[in-house]
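For ligands, and for the atoms within them, numbers begin at 1 and follow the listed sequence.
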Amino acid sequence: MELTDHSRIAVIGGGPAGAFSAYFLLDFAGRIGLQDVAVDIYEHKEFACVGAKGCNHCGGLVSETMLQNLSMEGIVVPSSVIMNSIDSYRPHTQEGDVLIQLPLAQMRIATVYRGGGPQVYDNVGDPPKTSFDDYLLTLACSRGAELIPERVTKLSWQEHRPQVETKNGTIKTYDLLVGAVGVNGGGLRLLEELGFGYVPPKITKAYVGEFFIGREQVNQYIQSAMNVFLLDIPGLKFAALIPKGGYVTLCMQGEIEEALISRFLSHPVVRKCFPPEWKPPRKMCHCSPKCNIGEPRHYFTDRVVLVGDCGVSRLYKDGIGAAYLTARACAATAVFYGISAKDFRKHYLPTCNRLKHDNQLGHFVFDMIALPKKVGFLRTAIRSMAIREQTLHNTKRPMSTFLWNTFTGSATYSRIIFEAAHPRFILRFIWELLKGVLHR
Ligand SMILES: Cc1cc2nc3c(=O)[nH]c(=O)nc-3n(C[C@H](O)[C@H](O)[C@H](O)COP(=O)(O)OP(=O)(O)OC[C@H]3O[C@@H](n4cnc5c(N)ncnc54)[C@H](O)[C@@H]3O)c2cc1C
């Protein structure tokens with residue numbers, strides 16, 4: 001079961017996973033001389049639009065690993081897409097904060113909007129930039145993919161081939177179907193109804209809020225830093241404030257409900273990140289999207305394969321990076337090896353398994369990070385170790401690197417644990433702990 005000249009492929013969903021799948025399918029097919037392979041991308045959202053209509057609800061951090069991977073593919077994300085370049089981060093604890101410059105000058109991450117920008121209320125807001133998802137989709141179309149701007153309403157089989165039906169009644173049969181529907185919206189149900197045994201990943205609810213405070217205030221209060229919060233607020237797992245032009249994006253994970261969001265925003269440590277007179281606006285662009293936090297089951301069969309969030313992703317971070325990795329591996333398998341379940345098991349599954357095993361370590365890393373939220377002397381030791389590292393001229397800053405990699409998705413969880421297990425890291429941390437205890 002292989003792709004041949006004139007094969008037809010449907011990609012359902014035009015987010016990063018769908019756009020990358022289409023791009024690499026056409027790129028790889030061209031490399032081995034397959035003629036006239038047609039790739040249709042089904043996507044009903046208009047990524048150039050502001051607000052929910054164009055948005056794929058996300059913090060919008062693109063890790064440096066991801067940016068490097070793309071540039072190795074010859075894809076350079078243009079400055080018109082990048083809202084801010086992050087060159088530092090600031091962990092906040094009850095005891096205070098510390099601005100940590102990145103361990104290496106070349107380590108930078110970009111912030112982007114997935115759609116045309118936040119919904120602007122009362123004419124307050126910045127002009128939107130080019131959206132990241134729009135850029136990727138245009139890139140895939142420039143390779144020859146066709147965008148079908150419609151919602152898929154039904155998936156079925158026609159003589160053992162996948163069939164796609166859209167809202168306006170168009171029905172087409174394909175040789176291969178790539179599911180890239182993410183976890184928000186009704187796409188997961190369509191894949192389940194296809195009846196090949198797919199069980200969607202475990203999901204949790206998150207929160208994204210866009211606060212407009214103006215560029216000057218962003219430069220003064222947030223700077224070009226990712227602000228992360230190690231605060232002991234019941235129900236809060238993780239929170240970050242990310243600068244984007246004149247906006248600050250708040251991303252939260254935890255038991256998301258209105259009370260938690262207002263508890264967080266009224267916390268004195270968080271208040272310090274905003275101008276003193278600032279109040280959360282009554283009307284603002286915000287959402288509670290779902291987030292993949294567990295592995296799906298049976299995510300490929302003959303002629304069908306799932307990528308990105310509806311397949312295997314990365315725990316709590318770098319979902320765009322995972323979409324890239326799975327889409328590329330899926331395209332390489334389909335073009336170079338074949339499109340049967342056996343081919344996907346042999347050549348696609350290993351990439352997903354690497355992500356899956358790394359996520360298991362990710363749970364451990366996040367449990368470790370949760371401890372200092374509750375234990376004051378651990379927080380103090382982390383903070384003083386990070387502060388000390390800022391005064392050193394060498395590039396070996398283990399605590400700074402540990403925190404950066406944990407929160408940005410720039411390294412795998414296994415690398416984070418490997419580096420944290422280094423005797424120098426452990427001894428230094430014990431020393432800082434002892435200093436703290438003696439000081440008390
Ligand atoms: C709060 C939050 C913050 C996050 N922050 C970050 C971050 O900072 N950095 C990062 O790398 N990742 C982040 N992520 C994860 C990231 O958003 C996802 O991993 C990434 O979007 C996955 O890409 P995808 O293409 O698989 O899915 P999506 O981006 O969800 O795209 C799926 C697409 O499929 C389309 N679709 C669905 N059903 C249909 C249908 N029936 N017909 C046609 N089209 C359909 C949708 O319209 C959508 O465009 C965050 C996630 C959350 C929830």
Side-chain angles (χ1 to χ4, degrees), residues 10-22 40-47 52-67 83 86 109-115 131-134 136-137 140 147-155 164-167 178-191 193 201 203-209 226 237-240 242 244 249-254 256 286-293 296 306-327 330 355 407-410:
V11 177
I12 318 296
F20 281 132
S21 298
D40 291 342
I41 306 177
Y42 289 85
E43 175 59 66
H44 56 280
K45 278 193 184 161
E46 296 170 44
F47 295 129
K53 202 175 167 194
C55 184
N56 263 334
H57 323 289
C58 166
L61 284 174
V62 186
S63 72
E64 83 252 16
T65 318
M66 173 69 197
L67 291 171
M83 296 298 300
I86 302 283
I109 52 179
T111 67
V112 298
Y113 273 123
R114 301 288 302 275
S131 106
F132 183 67
D133 287 22
D134 203 26
L136 291 182
L137 205 48
L147 173 64
I148 303 186
E150 288 179 47
R151 183 190 283 278
V152 173
T153 49
K154 190 171 174 198
L155 298 174
V164 177
E165 190 172 334
T166 63
K167 203 174 171 190
V178 179
V181 296
V183 288
N184 290 287
L188 294 176
R189 185 185 44 81
L190 299 181
L191 295 170
E193 285 170 2
I203 49 180
T204 184
K205 215 163 82 170
Y207 175 82
V208 184
M226 177 179 172
K237 193 164 183 87
F238 168 75
I242 302 158
K244 285 192 198 152
T249 303
L250 165 63
C251 265
M252 279 173 89
Q253 305 262 0
I256 300 300
H286 66 122
C287 58
S288 298
K290 292 175 196 148
C291 189
N292 171 333
I293 53 158
L306 310 189
V307 292
D309 266 17
C310 64
V312 180
S313 187
R314 290 190 69 190
L315 185 71
Y316 297 134
K317 59 180 188 178
D318 197 25
I320 299 171
Y324 159 82
L325 286 176
T326 52
C330 151
L355 288 169
F407 294 118
T408 62
S410 299

Quick check for you: to the nearest 0.5 Å, what is the distance between [X] atom [atom1] and [Y] atom [atom2]?
| X | Y | atom1 | atom2 | answer |
| --- | --- | --- | --- | --- |
| H57 | C291 | NE2 | SG | 12.5 Å |
| L325 | D318 | CG | CG | 7.5 Å |
| T249 | Y113 | OG1 | OH | 4.0 Å |
| I203 | L188 | CD1 | CG | 6.5 Å |
| T204 | K237 | OG1 | NZ | 8.5 Å |

Which residue owns the protein heavy atom closest to [atom], what's the atom, and how far is it?
| atom | answer |
| --- | --- |
| atom 9 (N) of ligand 1 | L61 O, 2.8 Å |
| atom 23 (O) of ligand 1 | P16 CD, 3.7 Å |
| atom 19 (O) of ligand 1 | D309 OD1, 2.7 Å |
| atom 51 (C) of ligand 1 | H57 O, 4.3 Å |
| atom 50 (C) of ligand 1 | C58 SG, 4.0 Å |
| atom 17 (O) of ligand 1 | R114 NH1, 3.2 Å |
| atom 25 (O) of ligand 1 | A17 N, 2.9 Å |
| atom 33 (C) of ligand 1 | E43 OE1, 3.5 Å |

Can you name the nearest heavy-atom pair linking [X] to [Y], along with the distance?
| X | Y | answer |
| --- | --- | --- |
| G13 | I41 | O-CG2, 3.8 Å |
| C251 | V208 | SG-CG2, 4.3 Å |
| A327 | A17 | CB-O, 3.5 Å |
| K205 | I256 | O-CG1, 3.5 Å |
| N56 | K45 | OD1-NZ, 3.1 Å |

Pull out every atom of ligand 1 sitting under 4.0 Å from any heavy atom of [X], numbered as shown with elements.
| X | answer |
| --- | --- |
| F47 | 49 (O) |
| A180 | 32 (C), 33 (C), 34 (O) |
| G60 | 7 (C), 8 (O) |
| H44 | 36 (N), 39 (C), 42 (N), 43 (C), 44 (N), 45 (C), 47 (O) |
| V208 | 1 (C) |
| G59 | 3 (C), 4 (C), 5 (N), 6 (C), 8 (O) |
| K45 | 47 (O) |
| G308 | 26 (O) |

Can you check whether [Y]'s main-chain N or O pairs, donor with acceptor, with [X]'s side chain at less than 3.5 Å?
| X | Y | answer |
| --- | --- | --- |
| T326 | G308 | yes |
| D133 | G115 | no |
| T166 | R151 | no |
| S313 | N292 | no |

Looking only at distances, please establish whether an N/O atom of ligand 1 is found under 3.5 Å from an N/O atom of [X].
| X | value |
| --- | --- |
| C310 | no |
| N56 | yes |
| G319 | yes |

Side chain, backbone, both or neither: which part of [X] has a heavy atom under 4.0 Å from ligand 1?
| X | answer |
| --- | --- |
| V152 | both |
| S63 | neither |
| A206 | side chain |
| K290 | backbone |
| Y316 | neither |

From the options L190, V181, I320, select the one whose nearest heavy atom is closest to atom 37 (C) of ligand 1.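 Checking each option, the heavy atom nearest atom 37 (C) of ligand 1 is found in V181.
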
Tell me which one of G179, C287, G15, G182 gets a heavy atom nearest to atom 27 (O) of ligand 1.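 Closest candidate by heavy-atom distance is G182.
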
Less than 3.5 Å apart, any donor N or O on the side chain of T111 or K244 sitting next to an acceptor on the other?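 The answer is no; no qualifying pair exists.
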
Against ligand 1, does G185 come closer than 4.0 Å with any heavy atom?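 It does not; every heavy atom stays at 4.0 Å or beyond.
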
Please state whether the rings of F20 and Y324 are parallel, tilted or perpendicular, taking 30° and 60° as the class boundaries.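 It falls in the perpendicular class, over 60°.
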
